[in-house]
There are 2 protein chains.
Amino acid sequence: MTNRKLEILTLAQHLFKERGYSATSVRDIAKAAGVEAASLYSHINGKEELLDRTCFTMAERFILGIKEVNDIYFDAALKLKMAVDTHVNILSNNIDASVVFQRDWRHLNEERRAEFIELRNAYEEEFRVIVQNGIDEGLFNEVDVKFAALTILSSLNWIVEWYNTEGSLSASEIAENLYNFILTGLKK
Amino acid sequence: MTNRKLEILTLAQHLFKERGYSATSVRDIAKAAGVEAASLYSHINGKEELLDRTCFTMAERFILGIKEVNDIYFDAALKLKMAVDTHVNILSNNIDASVVFQRDWRHLNEERRAEFIELRNAYEEEFRVIVQNGIDEGLFNEVDVKFAALTILSSLNWIVEWYNTEGSLSASEIAENLYNFILTGLKK
DNA sequence: ATTTTTGCCTAACGAATGTTAGTTATGACG
DNA sequence: CGTCATAACTAACATTCGTTAGGCAAAAAT
């Protein structure tokens, strides 16, 4: 991918984040790039390519992240801690793309959407496995695995809705807070 | 609001849920209603009215819900339990509208969007107050209040992404599972 | 020096968008 | 019966949409 194409992709991701994919026109993206709409087509095949690349690049990053965590750590609690940390760091390093990944994958065409959902399911499954391992190892309560994983993933997925680059907490601090809360719970 | 208008609103909410507000055309809604696009304008002022009514009706429902919980219950733990239960029940009784409320409020015009955000903030503040009360009453751990509330709200907000009307769990069962997990945490 | 490639341009396409104006069929109410 | 309200219609509007075709200037490669 050429520099210019990457630049266009980045600009598009920012606009998609602000306005949503459907409400962002090719002309909006062109304007941000300081170029006529038609000129974009020297670099991209179409608007959907920008969405597609964004969604699948992020999916790959998240999946690669959790694979590394699974390879490096053994203890389930540590795996979970690092999976959360990795997720939040990827997200904070690609905040625009993460928002698009989270919100706009629905606008992928049917075929690609199906592939995307598969990747997402695989990612979520990794979290369920970690929670199950923690239970088997006697580290975690015998909670409903699906439910516990869902709560963790909800918190992770929701971060894009409130994360602020200028906020006081770093990505790893957010991850640590989240991990601690999920482990400890509210009850005294 | 006439029956027919309500019918159109309901159909629109379903389409907005499936395709998103921006990607749903007035003609799509008209087709669902078995009518020409222009005919809708006997009933509505415009497309945005459908979004506006959806977002603000749901906001009112959620806020009324938590006010009632605050009036009826005193104990912070019970308040939280019932706030979660009420939220999930409202959501499951209005699943299409809830999804739109969650995803598409961004497409409100600037003025209404600002009002909407204020309502949302007020709602979220109620959760923070409950958590803080729980800590003050010695029921809850001395967690970071913002963070704890955020995790709870993340889980609540994310429910629309996986909730299935045909699922095996009722709204109150989901609420109970969620509440228990948040209170207890993972750690044994 | 000549050719090729790159990156943009203008112009235009057909389709879809939200919305309006004006009209008509139907049925309720006096 | 005549009047009015309701709910739909057809036709059209000005825009905007994603995209294509063809060309042109500058830079890179030969």
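These numbers come from a predicted model, not from an experiment. So you know, we letter chains A, B, ... as the sequences are listed, proteins then strands, and number each from 1.
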Exercise. Starting at the 5' end of nucleotides 3-12 of chain C, put B wherever the base has a protein heavy atom under 4.0 Å, S where only the sugar-phosphate does, and a dash everywhere else.
Key: -----BBBBB
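Screening Asn89(A), Thr86(A), Val84(A) against Ser172(A) for a side-chain contact (heavy atoms from CB on, under 4.5 Å) leaves a single residue, Asn89(A).
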Quiz prompt | Verdict with supporting geometry, Glu110(B) and Arg113(B), salt bridge (charged side-chain N to carboxylate O under 4.0 Å, His left out) | solution = CA-CA 5 Å; Glu110(B) 202 176 331; Arg113(B) 192 168 61 243; 5.1 Å; no
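Rounded to an integer number of Å, the gap from CG of Asn45(B) to C1' of dT20(C) is 13 Å. If you take CG of Asp28(B) and P of dT17(C), they are 6 Å apart, rounded to a whole angstrom. At whole-Å resolution of the value, NZ in Lys47(B) and P in dT20(C) are 15 Å apart.
Looking at Ser154(A), its side chain does come within 3.5 Å of a backbone N or O of Leu150(A) through a donor-acceptor pair. For the pair Asn157(B) (side chain) and Leu153(B) (backbone), a donor-acceptor distance under 3.5 Å is present.
Taking a heavy-atom distance under 4.0 Å as the criterion, the stretch of DNA chain D touched by chain A extends 5' to 3' from dC17(D) to dA21(D).
Interface residues of residues 12-26 of chain B facing DNA chain C, ordered by number: Thr24(B), Ser25(B), Val26(B); criterion, heavy-atom separation under 4.0 Å.
A cation-pi arrangement is found for Lys47(A) relative to Tyr21(A), the charged atom lying closer than 6.0 Å to the ring centre and inside a 45° cone about the ring normal.
Aromatic pair Phe116(A)/Phe101(A): centroids less than 6.0 angstrom apart.
For the pair Glu48(B) and Arg53(B), the salt-bridge criterion is not met [side-chain N within less than 4.0 Å of a carboxylate O]. Contact check on Arg106(A) versus Glu161(B) returns a salt bridge, with a Lys/Arg side-chain nitrogen under 4.0 Å from an Asp/Glu carboxylate oxygen. Salt bridge absent: Glu126(B) and Arg120(B) never bring a charged side-chain N and a carboxylate O closer than 4.0 Å. Using a 4.0 Å cut-off between charged nitrogen and carboxylate oxygen, Glu49(B) and Lys5(B) count as a salt-bridge pair.
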